[in-house]
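To keep things clear, I will list the structure first and then write my remarks on it.
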2 protein chains.
Amino acid sequence: MARWQPDAPGRLAAAALDLFEEHGYENTTVIEIAERAGLTKSTFFRYFPDKREVLFDKGTLTGVLVEGITSAPPAAGPLDAVADALDELGRTFFTADRREFSGRRQAVLNANSELREREALKRLDLTASMIEALGRRGVPSLTARVAAELGTLVWEIAYDRWIDTDNSEGFGPLARQALAEVRGAAGVVG
Amino acid sequence: MARWQPDAPGRLAAAALDLFEEHGYENTTVIEIAERAGLTKSTFFRYFPDKREVLFDKGTLTGVLVEGITSAPPAAGPLDAVADALDELGRTFFTADRREFSGRRQAVLNANSELREREALKRLDLTASMIEALGRRGVPSLTARVAAELGTLVWEIAYDRWIDTDNSEGFGPLARQALAEVRGAAGVVG
DNA sequence: CCAGTGATGGGACTTGGTCTCATCGACCCT
DNA sequence: AGGGTCGATGAGACCAAGTCCCATCACTGG
């Protein structure tokens, strides 16, 4: 045994998503996931720090977003920098071929509180990364915090719509639209 | 045995905080917590759904905040309603005598990622509650979402300052100040 | 042909969390 | 006083997550 398997983490993630859809997250055992992927519990925990993490990408999303904010034109305001980053995200991450997978994944997340908790943490980390990236652009601390909070909200709204919609609008335009709406609302809250 | 103990959950929470400070969260066992409180593992899980929850109040904070938003003058804008709620929170919850405890608790939370994750979830739930309360005031959905996001940020900033400061300013004034700053920043983000 | 390396398997072990049942004390009713 | 109910607790079996350590196999290079 101990044969090598191509793309072990990918196989584990795929197996996990399948099983979570079939039997639910809590009724699925790490051992079952590993078995379906042709691996063992040991290997599972070698690639993922815990059971929940099998459904979350290793910070690639955050990386793209930070990169996008950093490389936005220097003259752009904080929210415009975020908008640029969201466009970039739509081009490199939330592509059309990943939409179905994202939808399946999100349905599983929504169905389990333990997973929603992990999602909440990721959301917080995402906001923190945006704050840091905006800070490197010279945006004052508190402004960065507000912009990152609103930016995260825009991301969230656009992501939900991107998954739900039957129309084939890409993530980028949806984000632009959401940003405009949030901007409008921010001007009205007082 | 099976003797009755006054305020079992309170004793468990106090014992837990002590032990977490002494040995750290992960190096403390639920059995140890229960023992220090003169109880058992069974009783611990009868009062708390899991180990983390022993450091989180049962939604009283959210309750006060929602109540405050709901009972704000009908003419008040969304953020003003939130400001009223934060004042109420300062009067009934974040009182001077609870400051030391809150500081100890927060230090423990900050030291452990599992606890920070739970905190992230609570933050999300808090925002959701604010959105709902604002919705009942007739605030349009997206405006409510933005206001709740900013309100949560204000709460967070004020809470941090309330814990850190040596000065004896109450939570209410700190929240007012934070709100003004966030308002200013929101007007600048573009 | 042999040694080293990297990915995997196996199994023991701790702990969080669930469940079921027994026990004890307080209170009530006659 | 005596018996019965009820609420809170204790006790212990049990399962799964997560950690650790070591064995094993395939591949690679000399």
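Computed from heavy atoms alone, side chains included, the values below leave out hydrogens, waters and symmetry copies. Chain A is the first sequence line, chain B the second, and so forth, proteins listed ahead of strands; every chain is numbered from 1.
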*Interatomic distance where NZ belongs to Lys51(B) and C1' belongs to dG17(C) [whole Å]*: 12 Å

*Phe56(A): partners by ring-ring contact (aromatic ring centres under 6.0 Å, His included), with sequence neighbours left out*: none

*Is Thr43(B) near enough to dG10(D) that one of its side-chain N or O atoms lies under 4.0 angstrom from OP1 or OP2?*
yes

_Measuring from the side chain of Thr40(A) (C-beta onward, heavy atoms only), which nucleotide among dG9(C), dA11(D), dG18(D) has the closest atom?_
dG9(C)

*Pair Arg161(A) + Glu181(A): basic N to acidic O under 4.0 Å*: yes

*Name the residue closer to the 5' end of DNA chain D, choosing between Gly38(B) and Glu114(A) according to the nucleotide with the nearest heavy atom.*
Gly38(B)

*Using atom CZ of Phe48(A) as one end and atom P of dA17(D) as the other, report the distance to the nearest whole Å.*
15 Å

*Spell out yes or no: do the side chain of Ser42(A) and the base of dG10(C) have one donor N/O and one acceptor N/O closer than 3.5 Å?*
yes

*Phe44(B) has an atom CZ; how far is it from atom C1' of dT15(C), in whole Å?*
13 Å

*asked:* Given dT8(C), dG17(C), dG18(D), identify the nucleotide with an atom nearest to the side chain of Asp50(B).
replied: dG17(C)

*Measure the distance from CG on Leu19(A) to C1' on dA16(D) and round it to the nearest whole Å.*
15 Å

*Taking DNA chain D as the partner, which of residues 21-29 of chain A come within under 4.0 angstrom of it by heavy atom?*
Thr28(A), Thr29(A)

*With sequence neighbours excluded, what pairs up with Phe44(B) under the ring-ring contact (aromatic ring centres under 6.0 Å, His included) test?*
Phe48(B)

*Basic-acidic side-chain contact under 4.0 Å: Arg99(A), Asp164(A)*: no

*Sequence neighbours excluded, which residues qualify as side chain to side chain contact (heavy atoms under 4.5 Å, CB included) partners of Glu32(A)?*
Leu19(A), Thr28(A), Thr29(A)

*Give one of base, sugar-phosphate or nothing for Tyr47(A), where a contact means two heavy atoms less than 4.0 Å apart.*
sugar-phosphate

*In whole Å, what is the span from the CG atom of Leu12(A) to the P atom of dA7(C)?*
15 Å

*Separation of Glu53(A) atom CD from dT19(D) atom C1', in whole Å?*
17 Å

*Nearest-Å distance, CZ (Phe45(A)) to P (dA12(C))?*
18 Å

*Check whether any side-chain heavy atom of Arg123(A) sits under 4.5 Å from a side-chain heavy atom of Glu156(A), and report yes or no.*
yes

_Both Arg52(B) and Arg46(B) contact DNA chain C. Which one's nearest nucleotide lies toward the 5' end?_
Arg52(B)

*Is the closest basic N to carboxylate O distance between Arg105(A) and Asp57(A) below 4.0 Å?*
no

*Would you mind checking if Glu117(B) and Lys122(A) are paired as a salt bridge, meaning a charged N to carboxylate O distance below 4.0 Å?*
no

*Residue list, side chain to side chain contact (heavy atoms under 4.5 Å, CB included) with Arg116(A), at least two apart or on another chain*: Ser113(A), Glu119(A)

_Pair Glu132(B) + Arg136(B): basic N to acidic O under 4.0 Å_ = yes

Is there any protein nitrogen or oxygen under 3.5 Å from a nitrogen or oxygen in nucleotides 13-15 of chain D, and what are the pairs?
none

*Calculate the interatomic distance between Glu35(B) atom CD and dT9(D) atom P; express it in whole Å.*
16 Å

